[in-house]
2 protein chains.
Amino acid sequence: MVDSLFEDQASGRSHPMPFTRIELAVLSIVEGNLAVLLGRRSEAPHKGKWALPGGVLRIDLDRDLDAAARRVANERLGVELPYLRQLRAVGGANRDPRAPWALSIAYRALVAIESIDPKAGKRLEALRWFAVDEVTGDTRLAFDHTDLIHAAAEAVRAEIERLELPFGFLPEKLTLGELQTCCEAILGRRLDKSSFRRRLDERRLLVPVPGEMRTGAFRPAQLYRRR
Amino acid sequence: MVDSLFEDQASGRSHPMPFTRIELAVLSIVEGNLAVLLGRRSEAPHKGKWALPGGVLRIDLDRDLDAAARRVANERLGVELPYLRQLRAVGGANRDPRAPWALSIAYRALVAIESIDPKAGKRLEALRWFAVDEVTGDTRLAFDHTDLIHAAAEAVRAEIERLELPFGFLPEKLTLGELQTCCEAILGRRLDKSSFRRRLDERRLLVPVPGEMRTGAFRPAQLYRRR
DNA sequence: TCAAAAGTGTTTGGGTTACACCCATGG
DNA sequence: CCATGGGTGTAACCCAAACACTTTTGA
């Protein structure tokens, strides 16, 4: 392994750069709970442990950080994730035995569970959904991924509280009841139907699709779409 | 310049790593307005332009990202900044002519204006405070620092709205009037005295220091300190 | 005694919760 | 006709804005 060096123009010395990766906190709703997609590592370091899917930043392939995150999503999970959002950067010495100093830029996304093909991905022997709230300090994840998962969950929950709806995750057309159930699953608590709907139409986020109804066991429900 | 390479364990190939820097958005209140500290670059690239102070990440010196930011604050500004908070990472090709791909981890901090020694720092021919709201697209800053400055201002304003007080910035003892004036300067709008104080003591953030009063031109004011 | 800032109380209004209630449908 | 979820209205409540008011000091 050769350390990459850059000239420090003032001192004339060169400095090695950190081993830089992208990590993805892909969240979804599984059985009514907010869940995160983890992969079991098939190689050292942390072989056999569960970890966020991720990959090395490729400066020859990635135009910028967001593009790097999309590429990693494609390679590891076989899925397009247009609604990725940066979570934060973590870096330090001894984070990763592959390098003296490792830096990770973590991204988060909400996805529909059907959109993930569990067979896809290299270097992971298995992919599995874990309920976010059962990933505790006891769950022995690789690296420092436990913190990242909770930060990602906190970020999406804060967005939902503010009624910033995850349109990248929602179906194009849905009923208000489905939307409420989805928000309740993310937040982990019940919402009041009346105030939920009032907040929604004050914000003019959705419009009814004329004539289109979801027909089920009981009274049909109006379908809505974005804007 | 030698690119630093890391082994890609699956493919057997090595990858060059990005040129990685720390940038600091140091904010304060200058003449009643939220202001950011910029340095005039004395060297290429962007020689002569104003930019956020920053420095190269040194994996031989910095234990982690937060430590790197504190070191850069020390070296460039000659000041200890214990209340630095990570803002975000930006990275891409062609961001910085010194390297094919440049990554910056931006930090933000609020500081008391007196704590900055404007003489300090290498590689900057001048340091100057700019009112945040006068840094627009027209102000031709180096790199992509205009965005970072506005994101930093937005972050501190959101904290003040939520009454998360910047104790690293505030004097140990202060009057409620001084605190209100300070918050008004950061937010750029007036606050109601009565509701400001009610919110403060609901949250139990401050306690009066018995007997200690600020005596001035008019009625003396009770001094308060944290918690 | 007046100006200016410290400090307090009261009213109002926006927005949310809680909850009651009607509607439409399949079984 | 009843269970179930869709859909709507209302009263109570919380919080903060607005603003009026009193207090205390130096000049």
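Throughout, a chain's letter reflects where its sequence line sits, starting with A, and its residues are numbered from 1. All of these numbers come straight from a predicted model, not from anything done at the bench.
- An angle of 10°, rounded to 10°, separates the two end axes of the helix from C:dT1-D:dA27 to C:dG27-D:dC1, each defined over five pairs.
- Rounding to whole angstrom units, CZ of residue A:R197 and P of C:dA18 are separated by 17 Å.
- The cationic atom of B:R41 (NZ for Lys, CZ for Arg) does not lie both less than 6.0 Å from the six-membered ring centre of B:W50 and within 45° of the ring axis.
- Of the residues in residues 208-220 of chain B, those with a non-hydrogen atom less than 4.0 angstrom from any atom of DNA chain C are B:F218, B:R219, B:P220.
- Going from atom CG of B:L223 over to atom C1' of C:dA5 covers 15 Å, rounded to whole Å.
- Between A:E172 and A:R226 no salt bridge is recorded (no basic side-chain N to carboxylate O distance below 4.0 Å).
- In this structure, B:R203 reaches the sugar-phosphate backbone alone: every heavy-atom distance under 4.0 Å involves primed, P, OP1 or OP2 atoms, never a base.
- Each of A:A221 and B:R199 lies near DNA chain D, and the nucleotide nearest A:A221 is the one positioned closer to the 5' end.
- The nearest pair of heavy atoms linking B:F130 to B:V135 is CB-CG2, 3.9 Å.
- Ring centroids of B:F19 and B:W101 are separated by 6.0 Å or more, keeping the two rings apart.
- Atom CD in A:Q180 sits roughly 11 Å away from atom P in C:dT17 (whole-Å rounding).
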Take B:R108 and B:E159 through the test salt bridge (charged side-chain N to carboxylate O under 4.0 Å, His left out) and record every step on the way to the result.
CA-CA 12 Å; B:R108 65 183 167 88; B:E159 282 184 357; 2.9 Å; yes
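- Here C:dG13 presents its C1' atom at 14 Å from CD of A:E202, a figure rounded to the nearest Å.
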Please evaluate residues A:E80 and A:R70 with respect to the criterion salt bridge (charged side-chain N to carboxylate O under 4.0 Å, His left out), reporting the C-alpha separation (whole Å), side-chain torsions for both, the decisive distance (0.1 Å), and the verdict.
CA-CA 7 Å; A:E80 296 289 339; A:R70 289 192 299 272; over 6 Å; no
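- When the shell of 6.0 Å around CZ of A:R225 is examined, it contains 12 or fewer heavy atoms from other residues, nucleotides or ligands.
- Within 4.0 Å (heavy atoms only), A:R198 reaches at least one base atom of the nucleic acid.
- Remark: C1' of C:dG15 and CG of A:L200 are 15 Å apart, rounded to the nearest angstrom.
- Summarising the geometry, the separation between CD on B:Q222 and P on D:dT23 is reported as 19 Å, rounded to the nearest angstrom.
- Geometrically, A:R85 does not engage A:Y83 in a cation-pi contact, judged by NZ or CZ lying under 6.0 Å from the ring centre and within 45° of the ring axis.
- Rounding to the nearest 0.5 angstrom, the gap separating the CD1 atom in A:I29 from the SG atom in A:C182 is 4.0 Å.
- Near DNA chain C, meaning a heavy atom under 4.0 Å from it, residues 186-196 of chain A has A:D192, A:S194, A:S195 in order of number.
- What separates CG of A:L163 from C1' of C:dT16 is a distance of 13 Å, to the nearest Å.
- Taking 4.0 Å as the cut-off between side-chain N and carboxylate O, B:R157 and B:E161 do not count as a salt-bridged pair.
- The existence of a salt bridge linking A:E212 and A:K173 is confirmed by a sub-4.0 Å separation between a basic side-chain nitrogen and an acidic carboxylate oxygen.
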